[in-house]
Amino acid sequence: MKMDFNKFLAELKEFPAIKAKKNTEPILKELEINGFKSPHVILFKGEDCASIEFDTNSEYEVVFHADSITEKFIEVNPYMAGYSLVMANVNDIYATAGKPLAMVLILAYENDQKQIGDDLVRGIIDGSKKFRVPIVGGHTHPNDTRNIASAGIIGRVRREHRISSSGARAGDIIVTAIDTKGHVGQKYTFGWDCTSMKSSEEVLRHRQAICEIGKTGFASACKDISNAGILGTLGMLFEASRVGAIINLNQIERNKPAHVPLDHWTKIFISTGYILTIKPNHISAAIELLESHDLSTSTIGKIDDSKKYKITYDSETAVFFDFNKESILG
């Protein structure tokens, strides 16, 4: 049965994980205007990670990120929530072509929910081992009134290799690089698990692909596919880069797992999934490199300078977001 394209886009625009992105912008704007300014901060607005220089002579930058897991996810599957907390933070560091160094945690759970707390910590430990990033401290509230799991992560990247989230330029080709060998979460259905059943060597090999792309200079921008899904993550990249694009939804459909409906696949957090904008003369080499790391790639669109995010499906085309007059980030 043919998908109702306009209904699909209208429902996607109301997807909570996309709508929620606006809520962070007023806070970040207030901090940007009134917070302390440092010449060592290189990038942060619109980025997956802030970039901070060690010193002006260093070949490396520090990359910083923080993330949290929803209370609903913690309650439904505390073990996977803990595991995913590590994974989500690690993914953002790798999106810069950087390497994670260490994480700190903020954990809280209700005093009558010790099992949730135990499972949450067990997931965090397994995640730290899987992705080989040490947990070096933080703050805990084991007798709180809510279940909370947040973390901050620090990494480093060579200055000339770092890929930003806001560097896309007109003419760039948009590529997804995804591990499609996995399954939808059993308890949390808006997650695609393609790491828990695999070795550290396998999951780090996938992520190392982005580090290799950084070394080549093939990519102008990169983001990991967040809880806003493929199409929401694309929108954030376009808005941060101040560009437009046209996305071919048929191409996304061709590269999805056969048993996952398209309208669900586009809203799902993908545990190993990256969106890259590739300079046109490097597209073949970039795809070859990504696929050599066992990632499934798809060329799904092209960047333009319209500031309009357009999606095409079969013979239909519609503007999903017009960044000249509306916003995802706020």
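Sequence positions, counted from 1, serve as the residue numbers for this chain. These numbers come from the heavy atoms of this one structure, side chains and all, not from hydrogens, waters or symmetry mates.
Both tests do not hold together for Lys99 against Tyr94: distance to the six-membered ring centre under 6.0 Å, angle to the ring axis within 45°.
Under the 4.0 Å criterion applied to side-chain N and carboxylate O atoms, Arg122 and Asp119 are assigned as salt-bridge partners. Salt bridge status for Lys29 with Glu32: absent, with no side-chain N to carboxylate O gap under 4.0 Å. A salt bridge links Lys310 with Asp304: the closest approach of a Lys/Arg side-chain nitrogen to an acidic carboxylate oxygen falls below 4.0 angstrom. Ion pair Glu61/Arg156 not flagged as a salt bridge, since none of the NZ, NE, NH1 or NH2 atoms sits closer than 4.0 Å to an Asp/Glu carboxylate oxygen. Between Glu202 and Lys181, none of the side-chain N atoms (NZ, or NE/NH1/NH2) sits under 4.0 Å from a carboxylate O, so this pair counts as no salt bridge. Between Glu212 and Arg207 there is no salt bridge, since none of the side-chain N atoms of the basic residue sits less than 4.0 Å from a carboxylate O of the acidic one. Checked for salt-bridge contact, Asp126 and Lys130 miss the test: no charged N lies under 4.0 Å from a carboxylate O. The residues Asp322 and Lys307 are annotated as not salt-bridged, no charged nitrogen and carboxylate oxygen being separated by less than 4.0 angstrom.
Taking the six-membered ring for Trp and the full ring otherwise, Tyr274 and His206 have centroids separated by 6.0 Å or more.
Side-chain atoms of Ser51 and Arg162 include a donor-acceptor pair closer than 3.5 Å.
Of the residues listed (Ile213, Ile287, Asp172), the one engaging Leu276 in a side-chain contact (heavy atoms from CB on, under 4.5 Å) is Ile213, and it is the only one.
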